[in-house]
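A, B, ... follow the sequence lines: proteins, then strands. Residue 1 opens every chain.
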Amino acid sequence: MALSLRTAVQYILHRPQRAYNWGLQVSSEDALKADGSVNAFVFTALRQHKLSGLAEMLRFIAECFDAYACILWRLAPGGDLGSDPAQGRLFVLAQWLQDQCFWSSHNLTLDSNTGDAIRTNTPVCVPDVSTDSRIEQSDPLWAVAGVKTFCSVPVVFLDGQRGAVNVYRVSQEFTSGDISRIQALADLVPSLYQTIRDKVSFLLTSRISRILQSAELLAASMPSSPQEMTQVAHEICDVVGEEFHAAEASVFFEDRFSTPGVYQCFATTWKRKLEKTQYGINEPHLTSWILTRNQPVTVFDLLDFRDGRKKARIQLEYPGLERCDSPEFESHIHDFFPGVGDQGLPPISFMGAPVTVGSDVLGVIRCSGALAPPYYFAEGELRLLELVAAQVGHFWSNWIVRRESEEENQAWRVFIDRVSKMNQGVQNDVIAGVSDQGRVHREALEIARDVIPGAETLDIRLLDEERNELYYACILGDRWNRGSKQERQARLEFRYSINGPPDSIGAQVVRSGKACAMNDEPDSLYHAPFPDSCAMIVVPLRSRDHVIGVMDIRTSTQRKFPKYAISIAELLGQQLGLYQDLANAMRSLRDAEEELRALLRGQTMTYEDLGHQLKSPVFQAEARIQTALRSKDLPDELWTHLSAIRGLIRKTKRVTMNVRLFAQLANQNIVPSKMTVLDNDKLTGSLIGYASDHERLLGAERQVTFQVERKTFGVLRMHEVRVDYDLLEQALNNVLDNAFKYSFRRSTVRVYGGVAGPGLFYIAVNNRGIRLNPTEVEKAKSRGWRSEAAESTTGEGSGIGLWIVHHIMKALGGELKIHPTTAEDLTEIRLLFPISKGSSH
Amino acid sequence: MTFILSVEDDPLSGEWIRQTIAAKFPDAQLKQMSTEYEFVSKFEEIASNPPDVVLMDVMLRWTDPAPDMPPRPDDVREGGIGEAGLRCQQRFQADLRTKAVPVILYTVLQKESLRLPANVVHVQKDADPTELIQTITLMLGREPADSAS
């Protein structure tokens, strides 16, 4: 009866003083020895923390029985002991030899003494190997090491597979007691080996976890890069290679940012150059099979691919697997076992596990060639590798997410900056009054190309609303240059009907007004002109409430467009729509401005013409009235009427002049027509005439009088001032009109002149009445402005009087000055004229 | 005695009205006001002794320049001088004492440019006073004096 591990551990913990009855045939002396051996054996096993500790257990067994060697044999995968005849072969799972330089054969058939022990589940002893015809006498174990006898005891591994523990002695034969004790220890081997494996599992995952945690902490403080992943991958490979004693441990990852769909070798422990460093989906290789099927794989011996029958058995387990992908291992396996013949080589075992997150295959981690016991990657080892792959999968997934976030953030930063510059360009166009739609379109496409990863073929198509077709307005990307000149021309001139047939994605977007994004769709959906696209985004260009065109962005690379790409494209589409609105508004404004200018020109000409028509009759009427008023013996009543009429005619003349000047100022500045020297007598005569007209016509009711201080104008005899008399008359009349309109009852309006500092002559009008606030002085010179007081006290007026005076004075080289004072509500208005240089007469 | 009220802010027009009324209605008493504020401030006096007919200019200034001018009320500010005469006419209409007094809007503005109530008479200012005299006569219900114009 096999002794279980649990029983052995219980024995160790609660070891009785007498020998424990295992139900074995043992002597009391042998029992004591066995008792101590089992204790020490279990301790030896429990002290191991490497898979190669299996060899230490075999060493213990060998030393217990003064043996030269102890070998643990196992039935290779694919064997079938139940068939008739039994099928399979045996291989060395682990071994210990006194002289480590000697290697025995790693292969045995079932037709051997060890095979017998395994098949019959009964210990088999060979007292003298030289007499056994089934034993290959040239084997170094007998021929060189001098082993004469061996004992093979069967064991059953925890996965149900059969094996045997063989103990080899140089001379002494094995007794039945030896056999029993060997059996007792051998029965513990599978369980103790599993214990070692469990320990290794914990240690391995702990080491991997520490590596990944350190990498996470480091990555949190700096931007992600493929270099940091390479460093982590190297550390993982080193740990995995060390724990599994693999000749090669490699990791392959997909860097979907630069080479989507390609799984590159990020790290390997293989000292030579790997012949194949990248794999893709649906390739016939072993590593590709793992990536394609998302399943782990373990192969007993890669050399089995050379044998049709063995390869068929592999393909039965892994359908579609065509060939292995590690030819260099076959070539260089001898490097790891120098001096060992082919028969002495262990199998080139292989295991690989996919690195995944959910159903997303991120890469693969694989091991080839076990260089130390156990010389085969069994299911247990594969489960360990899958644990490691799971840990790495989470880390790699986080790294991808982090990189995607960084990429997205960077894309938005660049996008915002570029769109700001584009807006600035459009703003400059608006200020300059130009509209360069072509430049704006090209800039938008360049932004999309630079910000959206993978974007390589872009275009803007605008809607011809008359023909209901989309036509190419702007293109970007090298693929547009493909083909002959005729082909390129035809491509650009092609138009897409909105209502089909044939229908196109662009037409659908125009009709629906909604964006469309496609990734990995059948080629039939990617319409002309680039049906071989792998991904496409089409967004509408929207102006107010209707679609004016589309923007089309495509890629032929394996990398899909990221999710933010469609948001960016839609925003660009909206911007282009806004620009179109702006361009339309500018066009409308220009047209309206032109219409207004034409209208204004027409009105101005009309005003000038009307003023001109009035000028002659008014002049004639004034002249005749003047003549009549000079008549002698004019009756008083008639003289009064004629005077009143003369005043009304002069007012008509003033209003007519204001209309003409208003019309002139609408288009241009006032231009004096004839400048002559201002004569003192003529000026005072005019002023008195103006004053008397105002008094007579308007002053009687409110008893406002005018006072012209003639003497103050005597300075004109010493200073030459040049004026246009018509303009001067108009300016004085406007100022006097204002003075009367705003003067208090029973007040006097004074008119006087003088020299104001060097080079300036002035005519001043001073009145007591409503006045401006100092803050309103400049406003009073602007067109159409009237103070509240003015609005209250006049029944007519449009606020252009002082505005016209201001421009008249500018035209005469002078200035209008307004001086309101709080003292007695006085306001003085001065008309300042430049004195001609060098004048003194 | 016939009492005619004239509200006219232009002195020349006011003088012309005075001469015309004196010639055609020599026994009529003419009272003249020159600003909307004068009309508003003296309305009680008018209402207690309403005129027989009113000649109302449409565009009236609010008041004359003075050290302490009354500020324009909101309706005057919003409506402006262009509706002064209409505001005065509405005041007449709103008071029972003056509601029945006929108001003649005597203005240079054309009838079509004014939104006139149905019971308001409009006479356009003209050098020929015939229409004005006929309208006043109609409102008063008698013939004017036959004197040279």
Side-chain angles (χ1 to χ4, degrees), chain A residues 637-638 640-652 655 693-704 737-749 767-772 784 786-799 820-827, chain B residues 6-20 22-23 31-41 56-88 105-109 125 127 148-149:
Chain A
E637 191 179 343
L638 183 58
T640 303
H641 281 302
L642 288 175
S643 291
I645 291 168
R646 182 182 63 180
L648 289 168
I649 288 172
R650 282 177 174 166
K651 179 169 180 182
T652 306
V655 173
D693 281 342
H694 278 85
E695 261 189 31
R696 189 175 307 112
L697 284 174
L698 308 168
E701 188 198 0
R702 284 192 281 127
Q703 300 167 41
V704 174
D737 266 347
N738 278 1
F740 168 75
K741 275 192 295 191
Y742 304 128
S743 289
F744 294 153
R745 188 175 285 273
R746 288 187 286 276
S747 63
T748 297
V749 177
N767 77 306
R768 182 170 171 269
I770 62 171
R771 56 181 176 77
L772 294 168
R786 301 178 81 200
S787 67
E788 169 62 20
E791 293 275 4
S792 298
T793 56
T794 56
E796 58 184 20
S798 52
T821 61
T822 55
E824 299 180 6
D825 295 312
L826 290 174
T827 299
Chain B
S6 165
V7 185
E8 172 59 62
D9 67 339
D10 177 40
L12 288 176
S13 297
E15 185 182 339
W16 191 91
I17 288 171
R18 188 167 49 250
Q19 290 173 357
T20 302
K31 184 174 178 61
Q32 287 186 296
M33 295 181 180
S34 59
T35 67
E36 184 180 358
Y37 174 70
E38 186 180 1
F39 174 86
V40 168
S41 62
M56 182 70 71
D57 188 12
V58 172
M59 295 179 67
L60 294 167
R61 65 179 179 272
W62 170 244
T63 186
D64 285 330
D68 298 311
M69 292 189 306
R72 290 189 297 171
D74 290 342
D75 62 332
V76 174
R77 192 194 299 272
E78 287 166 16
I81 63 170
E83 293 184 4
L86 294 173
R87 286 193 290 270
C88 296
L105 289 180
Y106 187 50
T107 173
V108 296
L109 300 175
K125 283 181 180 173
S149 57

Please set out all donor-acceptor pairs under 3.5 angstrom arising from side-chain atoms of residues 64-74 of chain B, sequence neighbours excluded.
| residue | atom | partner | partner atom | Å |
| --- | --- | --- | --- | --- |
| B:D64 | OD1 | B:R61 | NE | 2.7 |
| B:D64 | OD1 | B:R61 | NH2 | 2.7 |
| B:R72 | NE | A:E788 | OE2 | 3.0 |
| B:R72 | NE | A:S792 | OG | 3.4 |
| B:R72 | NH2 | A:E788 | OE1 | 2.8 |

Worksheet entry | Which atoms of A:A790 approach chain B - backbone, side chain, both or neither, heavy atom under 4.5 Å | neither

Worksheet item: Heavy-atom distance under 4.5 Å to chain B: side chain of A:S747, backbone, both or neither?
Response: neither

Worksheet entry | A:T794 OG1 to B:D9 CG distance, which is reported to the nearest 0.5 Å | 9.5 Å

Worksheet item: Mind checking what makes ring-ring contact (aromatic ring centres under 6.0 Å, His included) contact with B:Y37, not counting sequence neighbours?
Response: B:W62

